[in-house]
Structure formats: structure tokens, C-alpha cells
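Reading through the C-alpha cells given below for one structure.
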Amino acid sequence: MENTITQNIGTITQEKFNEDTKRWREEDILKLANHFHKLHFDGRSKEQFKRADKFVMDTGNDLERFKNKMSEITGIKMYLALEASDVHKHTFYIILGVTYEASSEEEYFKLSPPDVFGSFATEIVPETFKKMICENWEEIDNHLIDDLFIAKQGINRERVHYFHISDNIITYIKENMSQLNVTGITLYAGVDMNKFDKKEMISFTPVLGFKYENKKNENPKHVLGLHGVLESISNEVYFEYSKPCPPTCPPPA
């Protein structure tokens, strides 16, 4: 299955995209939290489960493909996906679905949990993120995780399938990030507690970070506030503003 040849020449084929996003949509609500945790033994204490808090694209063909056409991007969606359950692996991951000026057909890019243990994301991201969303993700109880991805619409409960990035952020990426030597892309998991008690809203909050080589100690221009571009910590720009679908799906093209 992994070797199926399609127009998507990276890690994620069309077949794998269909399979793993379908698994996310159909997974038992009480089992979602299992996919964010991995059995870990540190050699000093008993076995424990470690929660994935970030998902990275920092090496290989996917990163090079993404960098090569950044100036042509017209849209980015962050799809939620699951591999088959495995207690020894983090099996939740992110697929970026990217469209370009030359074609509206999506290309796929995989962001996976790093296979190492060490500092959690809150130790490296700006203080704003640490207090706003990242600590909330690390501290929330396992049995509440499934609620972060579900919104109540009338009598129905809908699970979010993807997050779509706003047009102003796409413009920023095309005009600013494409001019830099991007060395890695990271999605940081977060929770917006202002939305947690509002059952009609999705409270899981993904933050997309673009790391870049900073040779001249010069940062790109930053747009703050509702534009969703937050100040970097010297060599990374963070994009917080995205919309979940459902419930806020974009109109058909």
C-alpha cells in the first residue's frame, strides 16, 4: 500500500490518505486518546504512557517538495489521520493537503511525532503559547481528549476532519516564508480553554511553526493579532489561526 504510485510522490499516497483519514473519522470516540499516547520505559521508573505534543516535517523528500513550491501555494488544510492502533507507537498524525496555482489537486505532506523523548513543546515555544494552549494540551486528562475534537450542532455531534488555514496566512507564507531557507515545519498541539466549555466549538488548537535558517540575525516581518502570525523566538514563525471543518467548512470551490 505504501508503494502505490500516484501524483503524490511523498510519504502519503492517495490510498493511504483515504485509509487513515477514514480511520480518524470512524474511530470509536472512547479510543481516540489512545492514539496520542505511547508506552514508554525510561529505565528508572515503571512503564508509563507519553503523550505526543508536536508533529514534525524536518527531513526527507516531503520537506524539499514543500519548500520548492511555497511561492505557488493557494491553500493548506491540516487533515487529522490515524494509523492502526499500537500501544508502542504514537499513531495519530497530521497530513498537510496543499493546493497550488497550477492545479487545485492536493499534494500531501506528513507530519509525524518525533521518535525521541525529551523536552516537551512548552519548553521551546514562546511564553505566549506556553500559557495559552500548549500547557493545556499537556495537562488535560486522557478521558477528556475526545471532547476536544467534537462540536455539538443542534442534536448532532460532529468530529472535526481537518483545519483550513485562512487566506491571509497563505499570502504571508507565499510572500515571506518562501524567501527564507525553511529547515523544518512543526505542528504543536494545543487546547484553547476559552472554547472548551462551548460545546458547539472545537477546542483543539493546532499551531503551525516554520523553522528557518537565520544567517543574518534578521527576522521576517511579523503580523500579529487576528492575522494569526505570532512573533518568533528568533528562527521560527508561528501560525495559530485556522478554522475546523466541521463545523466551519469553507464553501465549495
Side-chain angles (χ1 to χ4, degrees), residues 1-2 10-13 15-40 47-60 62 76-98 106 108-122 125 129 133-151 157-165 184-192 195-196 202-209 240 242 244-246:
M1 186 176 300
E2 288 284 341
T11 309
I12 304 298
T13 64
E15 187 173 2
K16 183 167 178 59
F17 173 86
N18 294 342
E19 178 181 327
D20 288 359
T21 54
K22 181 174 184 288
R23 186 181 286 119
W24 164 262
R25 295 192 301 270
E26 297 181 355
E27 178 63 289
D28 189 306
I29 190 172
L30 299 179
K31 296 179 181 178
L32 283 184
N34 297 341
H35 293 275
F36 293 93
H37 294 85
K38 167 182 173 179
L39 191 63
H40 173 61
E47 291 179 342
Q48 56 185 308
F49 286 92
K50 297 285 279 186
R51 180 175 299 173
D53 65 342
K54 61 183 177 181
F55 306 84
V56 299
M57 177 171 61
D58 55 8
T59 59
D62 272 11
I76 299 177
K77 294 178 181 177
M78 298 177 284
Y79 291 95
L80 312 184
L82 298 178
E83 295 180 321
S85 295
D86 185 340
V87 70
H88 299 288
K89 293 173 57 181
H90 291 127
T91 46
F92 172 86
Y93 71 100
I94 299 290
I95 300 172
L96 295 187
V98 183
E106 288 182 325
Y108 302 136
F109 303 84
K110 185 176 184 178
L111 281 78
S112 304
D115 193 26
V116 295
F117 288 105
S119 299
F120 265 28
T122 53
V125 302
F129 283 1
I133 59 169
C134 289
E135 284 186 353
N136 296 334
W137 171 255
E138 292 181 6
E139 295 173 1
I140 199 162
D141 290 340
N142 286 10
H143 71 279
L144 296 176
I145 285 180
D146 45 76
D147 289 336
L148 306 179
F149 300 94
I150 294 174
R157 287 161 57 86
E158 297 181 315
R159 181 177 302 174
V160 61
H161 297 169
Y162 64 84
F163 292 80
H164 52 104
I165 294 179
I185 298 173
T186 303
L187 185 139
Y188 299 94
V191 179
D192 186 344
K195 299 177 181 178
F196 185 72
I202 301 294
S203 48
F204 179 77
T205 303
V207 174
L208 203 58
E240 184 271 333
S242 61
C245 174

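Looking at residues two or more places apart in sequence or on another chain, you find a side-chain hydrogen bond (donor to acceptor under 3.5 Å, both in side chains) between R23 and E19, D20. Shown here are the salt bridge (charged side-chain N to carboxylate O under 4.0 Å, His left out) partners of E139, two or more places apart in sequence or in another chain: there are none. Checked against side chain to side chain contact (heavy atoms under 4.5 Å, CB included), D28 has the following partners two or more places apart in sequence or in another chain: L30, K31. Under the side chain to side chain contact (heavy atoms under 4.5 Å, CB included) criterion, H88 pairs with L39, D86, not counting sequence neighbours. Among residues two or more places apart in sequence or in another chain, the side chain to side chain contact (heavy atoms under 4.5 Å, CB included) test is passed with K77 by Y79, E106, Y162, H164. Residues forming a side chain to side chain contact (heavy atoms under 4.5 Å, CB included) with V98 (at least two apart in sequence, or on another chain): F66, I73, I76, L96, Y100, F109. Qualifying side-chain hydrogen bond (donor to acceptor under 3.5 Å, both in side chains) partners for E158, counting only residues two or more places apart in sequence or in other chains: none. Here T186 pairs with K211 under the side-chain hydrogen bond (donor to acceptor under 3.5 Å, both in side chains) rule; sequence neighbours left out. Under the rule for a side-chain hydrogen bond (donor to acceptor under 3.5 Å, both in side chains), the partners of T91 that lie at least two apart in sequence or sit in another chain are H35. For the ring-ring contact (aromatic ring centres under 6.0 Å, His included) test, residues two or more places apart in sequence or in another chain that qualify with F55 are F92.
Taking CZ of R25 as the reference point, atom CZ of R159 lies at 10.5 Å (rounded to 0.5 Å). Here the CZ atom belonging to F196 is positioned 10.0 Å from the CG atom belonging to N136, to the nearest 0.5 angstrom. Taken from CZ in F163 to OG1 in T205, the straight-line distance is 7.0 Å, to the nearest 0.5 Å.
Within the 3.5 Å criterion, the main-chain N or O of V160 finds a donor-acceptor partner in the side chain of W24.
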